[in-house]
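All remarks here apply to the structure that follows.
Both ligands and their constituent atoms are indexed starting at 1 by order of listing. What's counted below: heavy atoms across the whole structure, side chains too, no hydrogens, waters or symmetry copies.
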Amino acid sequence: MEDTVKFINEKTNNFKPEIGIILGSGLGEFADEYCDYAISYNEIPNFIKSTVKGHKGRLVFAEINGKNVVMMQGRNHFYEGHDISEITYPVKIMKKLGVKTLILTNAAGAVNESFHPADLMIITDHINNMGTNPLIGANDDSLGERFPDMSEVYKKSLINLAEKCAQKLGIDIQKGIYWANSGPSYETPSEINMMRMLGADAVGMSTVPEAIVGNYCGLNILGISCITNSSSSSSGDKLSHEDVIVAANKAKTKFKSLILEIINNV
Ligand code: HPA
């Protein structure tokens, strides 16, 4: 981590971010619009590169309306075959760079039948069904404790703030519980039914590892999902990654304005 932080500090003139954002599908453009320094993951010591279509792999630093922000333009996923602790390494680096608030965004499928494609959902809590945990292994006491509390991973104050920002912008916003699977296959109708019975509202293949590590490091976390598709059990339609990208692009204007409003008010 020392090597990584030293490298980043040299490249960014010691830029000190207070807000970290992980940009999910469709939101990547945000980091093109606000970019003071950009470093490709490939260049950064100990980072892994992103391989999914529609994702760039850059760490982008920008002052946005007076707030110093670091953004991950593209994230690594567990289903790519990386070790679960490797994909959360950038969150630990954000903490070391001085980040206090971490905003996690993603594309997710609807589990709640009242959700529609292009809806935004504030994550109130999550269910980790990835079958593993990014904190497995020796504990680094400089980051957090061995058995971290998980009673308020997604900060109530940030949930309220995001809701207020949406209201101010006239954006209808959903709230709900995000269920994480490893992927990369999407869910069967029976799996969607099971998740609904167990209390989930949306399903995806990211975010939860980053939230677990961010919470462990003491970061204040906000999570927002862009709902890209109906649940397979209710729509009966086939689902492709292209459909997910198209739907995420449809929502991107409102998603970007919401993120900007949140940055201004955090
Ligand atoms: N399932 C899992 N991950 C997803 C989905 C989905 O339906 N949509 C976007 N990411």
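- Tyr154 is listed as a side-chain neighbour of His126, based on a closest heavy-atom distance under 4.5 Å.
- A 6.0 Å sphere centred on NZ of Lys175 holds no more than 12 heavy atoms belonging to other residues, nucleotides or ligands.
- With respect to Lys6 and Glu2, no salt bridge is recorded, no charged nitrogen being found less than 4.0 Å from a carboxylate O.
- The pair Lys67-Glu18 fails the salt-bridge criterion, with no side-chain N (NZ, NE, NH1 or NH2) lying under 4.0 Å from an Asp/Glu carboxylate O.
- Looking at heavy atoms from C-beta onward, Leu222 lies in side-chain contact with Ile122 at the 4.5 angstrom threshold.
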Can you give me a line-by-line list of nitrogen or oxygen pairs between ligand 1 and the protein shorter than 3.5 Å?
residue: ligand 1; atom: 1 (N); partner: Glu187; partner atom: OE1; Å: 2.8
residue: ligand 1; atom: 1 (N); partner: Glu187; partner atom: OE2; Å: 3.3
residue: ligand 1; atom: 7 (O); partner: Asn229; partner atom: ND2; Å: 2.8
residue: ligand 1; atom: 8 (N); partner: Gly109; partner atom: N; Å: 3.3
residue: ligand 1; atom: 8 (N); partner: Thr228; partner atom: OG1; Å: 3.4
residue: ligand 1; atom: 8 (N); partner: Asn229; partner atom: OD1; Å: 2.7
residue: ligand 1; atom: 10 (N); partner: Ala107; partner atom: O; Å: 3.4

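- In this structure, the side chain to side chain donor-acceptor pair (under 3.5 Å) partners of Asn265, at least two apart in sequence or on a different chain, are Glu261.
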